[in-house]
Amino acid sequence: MLYEDRVDALVAPKGALEMLSQDEISRMSDDSGSLHSLFRSCALAILNCGSDSDDANAVMEEFKDFDVRIIQQERGVKLQLKNAPASAFVDGKMISSVREMLFSVLRDIIFTYHEYNLARGLDSASSDKITNVVFELLRNANVFRRIQSPDMVVCWGGHSIARNEYDYTKRVGHQLGLRELNICTGCGPGAMKGPMKGAAIAHAKQRIHTGVYLGLTEPGIIAAESPNPIVNKLVIMPDIEKRLEAFVRTGHGIIVFPGGAGTAEEILYILGILLHPKNANVPFPLIFTGPKESADYFEQIHAFIGDVLGKEAQEKYQIIIEDEVAVARAMKQGLEDVRHYRKAHQDAFYYNWKLFIPEEFQHPFEPTHDKVRGLNLHFGQETHLLAADLRRAFSSIVAGNVKAQGVAYIKEFGPFEIHGDKLLLEKLDALLQAFVTQQRMKLPGSEYIPCYKVVTG
């Protein structure tokens, strides 16, 4: 039945998931259980793709009458949708990409929580165990391909970026696609959508019909950054740490576009890993790029990295401004270095087993006021450890900005307080203030109220 902005529908899967056990259906259908609530919120985010909102609570309030039920039939499973966003349908029929992603969510939630019971089982797991779990989650999602050469470029950047920055991400994606490279992003809008859009057009020009547009997200962020419709492989990782590890294990190189706190978190994550002595000789092309109007942004990022992590960290990446062809060529050359290294060390092309990821970057960090206050933001420790806690600081800000649980904490207890060395915090505060001034914390048009307080006194 079709309403103005709501649709009721019975939807069958398309290749992603066709059969469930009675136990799986029972757990997913239990209104009082966490799995049904999780599936409902993630399903709503998928159905609401294309929305301009980055406020998860506002979306849930707008569609508070939405519900989703699993219907087991003799010929397989279907989903019963009630009051779903009409934007997911055309003439009463669900858009194919939305249907695929909807069942990808169901697949990943079931596999994660029924096969691994990740909510309880990995809190104290070893580094190797976590890496293997990330592998198995990606394998279950059918992410891995048999390839002859590295071709997956991870693109990071903000959901709240200026139009000229978005257009530049499309031009870079186009140049990557012309060179037969595939794209992986966080799957949301802005810098996560632009490269995929550009690459899709380039792949069409090159008559490539197997282009991969891989989106990696997690339950805490998906409602605030609904997947864009270009994504043709979507994976819901259980938390931000496993999402970040999935990026660097499946990706062969990374391009960073302008962004806010989430992008800074990603930069600190990869730099912290590359700074570890065990990764000294592992090639991993890392490029920061944007249009000429974003030059000052990258100067700020570059200066911050130099001030807090040092020159060695600055040497792990290159900055290319307003030159999409140079970016694509540099990445293509970097991937050749990756190919030679992987072949020499008999490492797989589809999963970066050789990269060492310290446990400090793997175990989930759920921001609370006590945990944020306790971060070790002091000089005089190993650089990769400082990067790990700086990453957690930015992750806390992301949570306070857009994640439902983080927003709830801020509403109840006030802003997170960030403590540490005075000089380090002054640099951090200046960078964060620049993000606020440039409207990189929230989508343009919405007032930003800081969820953090940098305590320098």
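Model, not experiment: these values are computed from the prediction.
The ring pair (Phe, Tyr, Trp, His ring centres under 6.0 Å) analysis of residues 262-285, with sequence neighbours excluded, yields the pairs Y269-F361, H276-F356, H276-H384.
W353 and F135 have tilted rings, their planes meeting at an angle from 30° to 60° on a 0 to 90° scale. Classified by interplanar angle (parallel below 30°, tilted 30° to 60°, perpendicular above 60°), the ring pair F247/W156 is perpendicular.
With P85 as the fixed residue, the side chain to side chain contact (heavy atoms under 4.5 Å, CB included) test singles out one of L44, V98, V7: L44. Evaluated for a side chain to side chain contact (heavy atoms under 4.5 Å, CB included) with I320, the options I255, V325, I287 yield exactly one hit, I287. In summary, of the residues considered (K82, R6, R40), a salt bridge (charged side-chain N to carboxylate O under 4.0 Å, His left out) with D65 occurs for R6 alone.
Shortest non-hydrogen contact noted between A399 and P367 is CB-CG, 3.9 Å. Here the closest non-hydrogen pair linking L355 and R249 is O-NH1, 2.6 Å.
Figure legend: cation-pi geometry between R440 and Y297, with NZ or CZ positioned under 6.0 Å from the six-membered ring centre and within 45° of its axis.
We find that E336 and K332 are not joined by a salt bridge, their nearest charged nitrogen and carboxylate oxygen being 4.0 Å or further apart. One finds no salt bridge joining E366 and K403 here, because no Lys/Arg side-chain nitrogen approaches an Asp/Glu carboxylate oxygen to under 4.0 Å. K242 has no carboxylate O lying under 4.0 Å from a charged side-chain N of E245, or vice versa, which leaves the two without a salt bridge. At a threshold of 4.0 Å, the pair R243-E266 does not count as salt-bridged, since none of the basic side-chain nitrogens sits closer than that to a carboxylate oxygen.
The CG atom of N48 sits 11.0 Å away from atom CD1 of I222, with the distance rounded to the nearest 0.5 Å. For the atom pair L309 CG and F379 CZ, the distance stands at 8.5 Å (nearest 0.5 Å).
At least one side-chain heavy atom of L138 sits less than 4.5 Å from a side-chain heavy atom of L216. Using a 4.5 Å cut-off on side-chain heavy atoms (C-beta onward), D239 and F365 make no contact.
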Chi angles and distances behind the salt bridge (Lys or Arg N to Asp or Glu O under 4.0 Å) call for D307, K427: CA-CA 8 Å; D307 288 337; K427 301 294 184 182; 3.5 Å; yes

Stepwise, does the salt bridge (Lys or Arg N to Asp or Glu O under 4.0 Å) test hold for E359 with K129? CA-CA 11 Å; E359 290 186 25; K129 172 64 175 175; over 6 Å; no

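Aromatic ring centres of H302 and Y317 lie closer together than 6.0 Å.
Looking at N232, its side chain does come within 3.5 Å of a backbone N or O of Y213 through a donor-acceptor pair.
Residues forming a side-chain contact (heavy atoms from CB on, under 4.5 Å) with K170 (at least two apart in sequence, or on another chain): R163, Y166, D167, K197. The side chain to side chain donor-acceptor pair (under 3.5 Å) test applied to E312 returns no partner, not counting sequence neighbours.
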